[in-house]
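All remarks here apply to the structure that follows.
Here is the naming used below: chain letters follow the sequence lines, and residue numbers restart at 1 for every chain. Note that the structure is predicted; figures quoted are calculated from it, not measured.
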Number of protein chains: 2
Amino acid sequence: MKGITFQKPLYEQVYEDIKDNILTGKLAPGSRIVSGQLAEQYQISRTPLREALRQLQIEGLLENDKAGLRVVKIDAKDFEELCDCRLYLEKEVIRLVAEEATDDQLQEINKVLEHSEKEINSEGSNHKKILELNAEFHRLVIDCCSNKRLIQLVNQVRSVLLIYRGMILRDESHNKEILEEHKMIFNSITERDKERAAEAIEMHLTNDKIRGNKMLDQGRQDTSEKSL
Amino acid sequence: MKGITFQKPLYEQVYEDIKDNILTGKLAPGSRIVSGQLAEQYQISRTPLREALRQLQIEGLLENDKAGLRVVKIDAKDFEELCDCRLYLEKEVIRLVAEEATDDQLQEINKVLEHSEKEINSEGSNHKKILELNAEFHRLVIDCCSNKRLIQLVNQVRSVLLIYRGMILRDESHNKEILEEHKMIFNSITERDKERAAEAIEMHLTNDKIRGNKMLDQGRQDTSEKSL
DNA sequence: TTGTGACAAATTGTTGACACTTTTCAAATA
DNA sequence: TATTTGAAAAGTGTCAACAATTTGTCACAA
């Protein structure tokens, strides 16, 4: 719960806040969602809150087992399915991007990569900052794609996958590896080589899946539950 | 407006009814949606209605230009984008299906195809029935796929594309052509040939796109008046 | 111990009213 | 005539209360 201010409608504000809480793990996977309780926390009525919950449900971040709403508890199989969907979609995105990206856009992306590299090799090596830069890289690449509907689908899948982010990305050991993969992707779209770009993204996302599964296995040991 | 009965929550009933009205063209693309008016039509309050509208909006059947909700008015570019997305996704679906479909499932699909063929070659040749059988074919094929998330994405894209259905499928001239394409798809998944199946679905959906564009062009001429 | 049934509590679904914003449109004025 | 303006209308967002449904629980009988 945080300071909700005005301007945007309430249902949108709470939507964003709840979503954020889910993705950062403040609302743990599997925990019950009770509209009345949340409404009280946010000090608003249930009407806008229900709209927010509905949106999250349709987007796949909440699910409706018998007996109410829960934060999705994704298992290994579901994780695989989502990763596969992401791969199918991003492969097509990257093919389009390799054709369509303007030089300006490429330069922008390159800047992020350079920034990222500097951060990784520096002393302080701010892990959180690096994660942000990685996200920025993907965002910039995807936004070069002209098929808006395709972008929407990719973002949808990614947003569900982000539930794992808090769990997965605690591991700093892969930062360099990931940077190299990003560079390969960037180089192939710079050279307008669609198929090499597709291969590069396949390798990257496959590795992501492996890295994710490793974390999931680790996480499976401690089955601690918490709420709020 | 039709008889809404009990059991399911109202927001779900109206959701289904409005969606149906959009997909059958009773609510024309581009028309304004005003929550108060609809609520009065359905004789319910605005709260459940708003939830239904929100859901339709998230699913992409309604859109929010400044000054309110409208039924999505898809243009040729958007139609292309959606068709492309459908192709990307269904290609992967069909690859999985070619691996995973059980013999029982294949037999079920075959039955629909035979039924379809008989209907097309018969005298009465009920066009509506044929359309239903075509839809059934796709539904059965997709349901063989084990990746539930992928199925969800495909259905989402297809549901938006269905807005055109009423416009496009008035044309009976392609029934045989479509049946042949379906047979090709079926044969290749029966032979467990992933790549041939992917090619077959690509051809099918590409043709669908062409058929759709033709109808769209026709529709564009008679902004005023003209008959089939 | 195991049902069972009925009462209480919790939660979701729905309503009508109200606050606020935007649009419309016509009278008033330059 | 053209422009301003300002009040009514229309629409959205929000609330608090109520209705309906589900869930929990506990005394009591078999």
Do the side chain of B:Thr206 and the main chain of B:Glu202 share a donor and acceptor less than 3.5 angstrom apart? yes
Once you round it to whole Å, what is the distance between P of C:dT12 and CD of A:Gln37? 8 Å
Protein-nucleotide distance (A:Lys8, atom NZ; C:dT21, atom P), rounded to Å: 18 Å
Measuring to OP1 and OP2 of C:dT15, would you say a side-chain N or O of B:Thr47 lies under 4.0 angstrom away? no
Tell me: CG of A:Leu10 to P of C:dC20, nearest whole Å? 13 Å
Salt-bridged, B:Glu92 to B:Arg95, with N to O below 4.0 Å? yes
Picking from C:dT14, D:dC15, C:dT15, the nucleotide nearest the side-chain atoms of A:Arg50 would be C:dT14
Whole-Å distance, A:Leu49 CG to D:dA16 P, equals 13 Å
Salt bridge or not for B:Arg70 and B:Glu63, using N-O below 4.0 Å? no
Could you give the CZ-to-P distance, from B:Arg70 to D:dG11, as a whole number of Å? 13 Å
Give a yes or no on whether B:Glu100 atom CD has more than 12 heavy-atom contacts from other residues, nucleotides or ligands under 6.0 Å away. yes
Interatomic distance where CD1 belongs to B:Ile44 and C1' belongs to C:dA17 [whole Å]: 17 Å
Atom-pair distance (CZ on B:Arg46; P on C:dT15), nearest Å: 12 Å
From CD of B:Glu12 across to P of D:dT21 the rounded distance in Å is 15 Å
Look at the side-chain N and O atoms of B:Tyr11 and state whether any lies under 4.0 Å from the OP1 or OP2 oxygen of C:dT14. no
Toward the 5' end of DNA chain D, by each residue's nearest nucleotide, A:Ser45 or B:Val34: B:Val34
Heavy atoms only, 4.0 Å cut-off, all strands: where does A:Ile33 land among base, sugar-phosphate and nothing? sugar-phosphate
